[in-house]
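Everything numeric here is computed off the predicted structure, so don't read it as measured data. Each chain gets a letter, A, B and so on, in the order the sequences are listed, and its residues count up from 1.
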Protein chains: 2
Amino acid sequence: MVTIKDVAREAGVSVATVSRVLNDNGYVGADTRKKVMEAIAELNYSPNEVARSLYKRESRLIGLLLPDITNPFFPQLARGVEDELSQAGYRLLLGNSDENIQKELEYIQTFVQNNVVGIITATNHVDYKIYEALDLPLVLLDRASENYPAVYADGREGGRLAAKTLIEKGAERITLVKGPANIKPAQDRFQGAIEELSRADVDFSVLSTTSYSFEEAQGWAEELFDKFSDTDGIIASNDIVGIAIVHEAMERGKRIPEDVQIIGYDDIPQSRLSYPTLSTIRQPAYEMGREAAKLLIRTIKKEPGVEQTIQMPVELVERKTTRKE
Amino acid sequence: MVTIKDVAREAGVSVATVSRVLNDNGYVGADTRKKVMEAIAELNYSPNEVARSLYKRESRLIGLLLPDITNPFFPQLARGVEDELSQAGYRLLLGNSDENIQKELEYIQTFVQNNVVGIITATNHVDYKIYEALDLPLVLLDRASENYPAVYADGREGGRLAAKTLIEKGAERITLVKGPANIKPAQDRFQGAIEELSRADVDFSVLSTTSYSFEEAQGWAEELFDKFSDTDGIIASNDIVGIAIVHEAMERGKRIPEDVQIIGYDDIPQSRLSYPTLSTIRQPAYEMGREAAKLLIRTIKKEPGVEQTIQMPVELVERKTTRKE
DNA sequence: TTGAAAGCGCTACCAC
DNA sequence: GTGGTAGCGCTTTCAA
């Protein structure tokens, strides 16, 4: 490993001087600087971030905690975060929590141990003491909170929009799929839909589910049609479940959208590829990731007047599983 | 921040002793150990990984470089890597390269700067000098190489299997979709398919594509049916493209698998959710991630007799886009 | 404008 | 068994 000492020796100066040119602060004579630059190039030196981090008590690392990167909504978020962060010179320490508080604690701890300068987390456990005790910029992603800056889309509004859409498009026996109880955004959109449905003059029923996953989505779809075979409008808990429902409806020979309309949530990339293509409520995941990163960076840099919360717009994407008029 | 000094003071011992109980090496009296443990608990101390890393010249960090986490094949790999690694006490530094050598270089450099103990990379650029110069355990994931340990599935065999399957199931005018030229595994499976197709007594044509992405998959599918409207068997470059093709075939009123059979590649989770469900060549992505992590850990620990290469089995998953007999 | 040296938090060597 | 201390690679006073 080539260190700052080697560079100093090569350039015939002290390490202090090398450090100065490295960080571009303090006075350095033009020719000295040149010598140092040459030595750096010559030795192909690049500074040890760990030593820097130790001295300054802060690294260029940021911790990102996500429930499960395997769920297609999250890679979008992650990518948004990364693109913004890496551009600003930060690197990402990634953890999957599986919504499991234990894992979450462990990751947060190792983030701290590694001197991260900030944390972005999609957690349902913000109110645990570990977050309170955290002496670090924290931004919530895809989650709202009273106590921390957050970037999220308005789930309640999204739920309302989904319900309203189906009602307007003439669905009369609506089935609402309720996502996992422990996932906050799932409940928000559910509440929004309930609100709108209750207000309107339609029959509706609720299918309660406990996961968002590919593995089980098929099961929920089957259960749905077994229990509510005459439903003519389905509000899915997310696009994965939505796509599974579309699939199951086709299997059962239902005509979409004539017999049954289906609306998803999230607008994950593959919802454009289902057959028929899935109408859905879009959350701008990639942009949310970027915004969260930007917000975090501004907080880290202590820029004045940084907003506490960014609520991203939710939007209806009409495709082929809802009627046209 | 509470440091080892604070613990030492609290426990009335020296930092050396605290360090010994922390690392569980050297002699420590039972009662002394107890006092130290209590002090640690009392102060809620956890050691600074950065300081450790600096002294030992190695961290508990591992760099993972992937082309694009947004492509649904990679989260599976990433998750496999993470699950195995985190269990062994390592944490993940993540980077997306977009197959871009510049970004790749930058990430590798920051991995090194952060004292990672090893790197897992899915790169097409192994032969660049940066990897050569790397004085770190490296394992390739989803890529083969003569020079480095690697975990991958046999793309050639997979390509053959895809072609063989379609031929056996009676396709007579096969269209083979060729993936991006710069992506090694895409070419392997293509070559395998070509090989098998050439050997058999069938007509076939090739559609050349330059991406794997959701955004463009739809376009490739349309182009395919525009150019080869009478094809009765399609070998997709991956499942994304496969799903897009299934979708487009349905749009065009083709019966699947009667009029046209389609076979994908990868077995990403959503291929079970297309309509009809996509037959495909499965790569065990999650397991590949795990194996890569295990291999890396064994290399780091310098265990004797570590295999250089793990070739994972490729497997036909028959679903509804291929005929039954 | 430059260099010497302290110190970031930790580990490991050497004394006792 | 335990403590003192050098030193990991760097940045930043402070003096010169």
Side-chain angles (χ1 to χ4, degrees), chain A residues 1-40 43-61 89 109-117 135, chain B residues 1-40 43-61 89 109-117 135:
Chain A
M1 174 190 273
V2 22
T3 74
I4 199 173
K5 259 188 187 161
D6 301 318
V7 177
R9 194 179 320 112
E10 174 81 16
V13 300
S14 75
V15 295
T17 302
V18 177
S19 176
R20 275 186 214 106
V21 349
L22 243 29
N23 297 285
D24 213 27
N25 61 16
Y27 296 99
V28 184
D31 43 344
T32 312
R33 151 167 280 116
K34 182 145 171 289
K35 272 191 302 183
V36 172
M37 299 294 259
E38 282 167 6
I40 289 175
L43 300 177
N44 192 17
Y45 167 76
S46 87
N48 182 325
E49 274 300 327
V50 176
R52 274 190 172 167
S53 170
L54 178 60
Y55 183 86
K56 316 232 283 189
R57 267 102 135 229
E58 65 173 50
S59 66
R60 301 287 280 172
L61 263 24
Q109 193 191 10
T110 60
F111 288 169
V112 172
Q113 290 181 302
N114 282 284
N115 274 3
V116 299
V117 277
D135 185 26
Chain B
M1 177 190 271
V2 22
T3 75
I4 199 172
K5 259 189 186 162
D6 301 317
V7 177
R9 192 178 321 112
E10 173 83 15
V13 299
S14 74
V15 295
T17 302
V18 177
S19 176
R20 274 185 215 109
V21 348
L22 242 30
N23 297 285
D24 213 27
N25 62 15
Y27 296 99
V28 183
D31 42 344
T32 312
R33 151 166 281 116
K34 183 146 167 290
K35 271 191 302 182
V36 172
M37 299 295 258
E38 282 167 5
I40 289 175
L43 300 177
N44 193 19
Y45 166 77
S46 87
N48 181 325
E49 275 299 326
V50 177
R52 274 190 171 165
S53 170
L54 178 60
Y55 183 86
K56 315 232 286 189
R57 268 103 136 230
E58 64 174 51
S59 66
R60 300 287 280 170
L61 262 24
Q109 193 192 10
T110 61
F111 289 169
V112 172
Q113 289 181 304
N114 282 284
N115 273 3
V116 300
V117 276
D135 185 26

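As judged by a 4.0 angstrom heavy-atom cut-off over every strand, A/Val28 is placed among residues touching the sugar-phosphate backbone only. A/Val13 comes within contact range of the sugar-phosphate backbone alone, with a heavy-atom separation under 4.0 Å but no base atom that close.
Between the CG atom in B/Leu61 and the OG1 atom in A/Thr110 there is a gap of 8.5 Å [rounded to 0.5 Å].
Taking only side-chain nitrogens and oxygens, B/Asn48 never comes nearer than 4.0 Å to OP1 or OP2 of C/dC10. Contact between the side-chain N/O atoms of A/Asn25 and the OP1/OP2 oxygens of D/dT12 is found at a separation under 4.0 Å. For D/dG3, one of the phosphate oxygens OP1 or OP2 lies less than 4.0 angstrom from a side-chain nitrogen or oxygen of B/Ser14. Regarding contacts with the backbone of C/dT11, a side-chain N or O of B/Ser19 is found under 4.0 angstrom from either OP1 or OP2. Between C/dC10 and B/Tyr45, a contact under 4.0 Å exists linking OP1 or OP2 to a side-chain N or O.
What separates CD1 of B/Ile40 from C1' of C/dC10 is a distance of 13 Å, to the nearest Å. Atom CD1 of B/Ile4 and atom C1' of D/dG4 are 14 Å apart (whole Å). Atoms CZ (B/Arg9) and P (D/dG4) sit 14 Å apart, rounded to a whole Å. Distance B/Glu49 CD to C/dC10 P: 10 Å, rounded to the nearest Å. Atom-to-atom, CD of B/Glu58 to C1' of C/dT11 comes out at 13 Å; the value is rounded to the nearest Å. For the pair B/Lys56 NZ and D/dG9 P, the interatomic distance rounds to 15 Å; values are reported in whole Å. Across the protein-nucleic acid pair, B/Arg20 atom CZ and D/dG4 atom P stand 11 Å apart, rounded to whole Å. Between the NZ atom of A/Lys5 and the P atom of C/dG3 there is a distance of 15 Å, rounded to whole Å.
For C/dG7, the base has no donor-acceptor partner in the side chain of A/Arg57 [N/O atoms by modelled type, under 3.5 angstrom]. A donor-acceptor contact under 3.5 Å is not formed by the side chain of B/Arg33 with the base of D/dG1.
The listed nucleotides are C/dG9, D/dG1, D/dT11; the one nearest the side chain of B/Tyr27 is D/dG1. In this structure, the nucleotide among D/dT12, C/dA12, D/dG9 sitting nearest to the side chain of A/Ala51 is D/dG9.
Each of A/Thr17 and B/Thr32 was assigned the nucleotide of DNA chain D with the nearest heavy atom; the assignment lying further toward the 5' end belongs to B/Thr32.
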Please lay out, stage by stage, how B/Val13 and B/Val18 fare under the test side chain to side chain contact (heavy atoms under 4.5 Å, CB included). CA-CA 7 Å; B/Val13 299; B/Val18 177; 3.8 Å; yes
Mind running side chain to side chain contact (heavy atoms under 4.5 Å, CB included) on B/Arg20 and B/Thr17 for me, showing each step along the way? CA-CA 5 Å; B/Arg20 274 185 215 109; B/Thr17 302; 3.6 Å; yes
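Electrostatic pairing of B/Arg52 and B/Glu49 counts as a salt bridge here, judged by a charged N lying under 4.0 Å from a carboxylate O. Here A/Lys34 does not pair with A/Asp31 in a salt bridge; the nearest charged N to carboxylate O distance is not below 4.0 Å.
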